[in-house]
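Structure first, then comments.
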Amino acid sequence: MKPATIINVVVVAALLVAPYWLNAYWVDVLNSIGIYAVLALSLNIILGYAGLFHMGHAAFFAMGTYTTAILNTQFGIPVLWLMPLSGMVAGFFALLVARPIIHLRGDYLLIVTIGIVEIVRIALVNNVFGITGGSNGIFGISRPVLFGHVIRTPHDFYYLIFAFAAITVFFFLRLENSRFGRALNYIREDDVAAEGSGIDAAHYKLVAFVLGAFWAGMAGTIFAAKMTIVSPQSFTFWESVVMFTIVILGGSGNIRGVLLGAFLIVGLPEVFREFAGARMLIFGAAMILMMIFRPKGILPPPPRTFNLDFLSSARGGGK
Amino acid sequence: MNASPLLRLTSLTKSFGGVMAVNQVSFDVDHGSIVGLIGPNGAGKTTVFNLITGNYRPDSGEILFDGKNIVNMRTNRIVTLGIARTFQTIRLFQNMSALENVLAGCHCRMRSGVIGAMLRLPWQKREEREALEIAVHELEFVGLRAHLDQAARNLSYGNQRLLEIARALATKPRFLILDEPAGGMNDYETQVLVDLIIQIRDRGVTVLLIEHDMNLVMKICEKLVVLEYGLMIAQGTPAEIQKDQRVIDAYLGAPDEDDEDF
């Protein structure tokens with residue numbers, strides 16, 4: 001077996017059995033890591049594959065979370081049923097806000113997306129349309145029910161969250177190695193050359209935004225169910241920065257890197273709680289060191305490989 | 001074949017802040033021909049290319065491709081219609097392998113999207129295979145099959161130019177625009193390139209090229225169009241162009257009025 005396969009197996013096995021040894025607190029930490037991992041993976045489509053500096057992902061997360069919270073508390077629709085709908089609302093929102101700014105490059109896009117996340121947060125605080133509950137937020141979101149089993153404890157949520165994360169990884173791996181995934185990579189490398197090769201760069205950038213937002217919206221459903229209370233404090237600019245950092249530090253464009261980034265950025269501060277006062281100092285120092293020594297992240301994407309065996313077999317023998 | 005030309009430019013004009021980069025340029029490119037666009041540096045040759053491929057929009061004039069006006073069409077649409085190009089300053093995806101670069105060209109002839117990729121449906125897998133097959137075939141065609149794993153940036157300059165041609169061919173063009181394909185090539189590589197361009201034409205692809213290597217141009221082009229300061233000063237067969245006084249003046253410099261007797 002290849003070392004990479006062994007690491008995969010060990011990590012998955014460790015994640016499966018971890019809740020048996022851990023108390024509720026640590027399982028809850030893992031739950032946070034899981035949600036951030038899904039969010040960072042969805043941001044990775046926009047930031048990692050397409051190379052768009054998008055720092056407003058918390059806005060899409062908020063749209064999904066609030067969609068679930070509002071529809072569940074107002075109409076009593078079961079939480080998990082709201083997952084696709086929350087994704088769609090977030091995706092539609094992304095379509096609306098990203099369309100006019102999709103041609104912006106680099107830092108210009110970054111500034112505008114920071115604006116988006118702030119506008120969404122302030123709108124939530126101001127209780128727009130009288131449905132967001134202002135700065136108190138919305139409480140009383142019901143627990144999700146799966147196959148007649150009510151998901152309540154951190155241990156229950158652990159399996160729900162990591163199952164969702166696993167599904168996400170499964171689909172995104174396929175996406176990465178497809179026409180769509182390659183198109184985003186070409187656009188990141190050189191969008192003029194990509195258009196010159198027949199790729200509709202504006203369209204694909206927009207699809208990347210919508211898909212990333214859709215997934216963040218679905219993560220929002222799980223977040224709403226886990227918290228049962230949602231408020232605008234959960235969707236600050238800082239949340240966007242955390243997601244952004246996970247992708248950049250872990251290795252933008254590489255799923256393994258992003259997952260590792262989620263464990264490090266969200267998990268390590270919990271492990272080193274005693275040094276909470278120095279957290280920002282260590283965080284900042286780590287960022288500086290990373291940018292000097294590994295500017296592409298801890299695990300940058302490996303070169304793409306293609307299986308060309310079918311070519312030689314079709315010709316009745318090797319080259 | 002069709003009686004009408006594959007490409008027809010009519011009074012094409014483009015200025016950049018008062019500088020007439022391309023001024024009332026009109027010429028035809030016939031089906032299955034190799035046409036050269038020549039002229040001194042700054043004559044507006046690359047601008048003409050950028051106008052055809054939709055990178056720039058003309059101030060006025062018309063570009064008919066196969067009878068269809070492609071002015072104001074987006075670049076990727078134009079590529080899908082069947083016009084592919086290479087760039088004067090090589091624009092490969094430098095960090096990607098040669099194979100991936102050529103696969104970029106296959107993109108516009110593929111159809112699968114997000115859902116197809118996520119579910120990995122049978123037709124999506126078949127399409128991926130076909131694209132790989134085309135990409136490998138085009139790499140073989142330009143003689144780079146042995147380099148398919150190599151990152152584009154690690155290829156020699158001449159090979160990078162060939163890789164750009166392979167990527168352009170993977171879009172299945174009817175019309176190929178080459179911007180200084182022999183730039184930076186040695187004599188041997190240039191000879192290989194000449195053979196390649198003729199083979200491309202024999203595949204049924206019409207070729208329009210900018211080139212400074214007059215040997216190459218005179219050898220393979222059936223028709224030449226000469227630009228100077230954005231104006232078209234001559235067009236015709238290589239033999240006619242070589243004798244044209246205005247072209248000779250443009251290249252060698254016209255004698256000044258004062259010292260006529262130098």
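Here is how names work: the chains are called A, B, and so on, in the same order as the sequence lines, proteins then strands, and each is numbered from 1.
A heavy-atom distance below 4.5 Å is found between the side chains of Asp200(A) and Asn76(B). Looking at heavy atoms from C-beta onward, Met110(B) lies in side-chain contact with Arg182(A) at the 4.5 angstrom threshold. By the 4.5 Å heavy-atom criterion applied to side chains, Met118(B) and Leu211(A) are counted as neighbours.
Residue with the most contacts toward chain A among Arg111(B), Arg109(B), Arg85(B): Arg111(B) (heavy-atom pairs, distance under 4.5 Å). For chain A, the option among Ala131(B), Cys108(B), Ala117(B) with the highest count of heavy-atom pairs below 4.5 Å is Ala117(B). With respect to chain A, the highest number of heavy-atom pairs below 4.5 Å among Val79(B), Ile83(B), Asp149(B) belongs to Val79(B). Annotation: maximal heavy-atom pairing with chain B below 4.5 Å, among Asn307(A), Leu173(A), Val192(A), occurs at Val192(A). The most heavy-atom pairs under 4.5 Å with chain B, out of Phe170(A), Phe306(A), Tyr204(A), Phe180(A), come from Phe306(A).
Taking CD from Glu140(B) and CG from Leu311(A), the interatomic distance works out to 9.5 Å, rounded to the nearest 0.5 Å.
Within 6.0 Å of atom CZ in Phe92(A), 12 or fewer heavy atoms from other residues, nucleotides or ligands are found, so the atom counts as exposed in its surroundings. In Arg256(A), the CZ atom is not crowded: 12 or fewer heavy atoms of neighbouring residues, nucleotides or ligands sit closer than 6.0 Å. No more than 12 heavy atoms of other residues, nucleotides or ligands lie within 6.0 Å of CZ in Arg105(A), so this atom counts as exposed by the packing criterion. Shown here is Arg304(A), whose CZ atom has more than 12 heavy atoms of other residues, nucleotides or ligands within 6.0 Å. Within 6.0 Å of the OH atom in Tyr108(A), the count of heavy atoms belonging to other residues, nucleotides or ligands does not exceed 12.
A side-chain donor-acceptor contact under 3.5 Å links Arg179(A) to the backbone of His107(B).
At a heavy-atom cut-off of under 4.5 Å, chain A is reached by Arg167(B), Thr171(B) from residues 157-177 of chain B, listed in order of number. Contact annotation for residues 95-105 of chain B against chain A (heavy-atom separation below 4.5 Å, listed by residue number): Asn95(B), Met96(B), Leu99(B), Glu100(B), Leu103(B), Ala104(B), Gly105(B).
Residue contact with chain A, scored on non-hydrogen atoms closer than 4.5 Å, involves the backbone and the side chain of Phe93(B) alike. Only the side chain of Asn55(B) comes within contact range of chain A, with heavy atoms under 4.5 Å apart. Of the atoms belonging to Leu119(B), heavy atoms from both backbone and side chain fall under 4.5 Å from chain A. In this structure, the portions of Arg129(B) lying under 4.5 Å from any heavy atom of chain A include both its backbone and its side chain.
When all heavy atoms are compared, the tightest approach of Val114(B) to Val207(A) is CG2-CG1, 3.8 Å.
No salt bridge links Glu195(A) with Arg91(B); every basic N to acidic carboxylate O contact stays at or beyond 4.0 Å.
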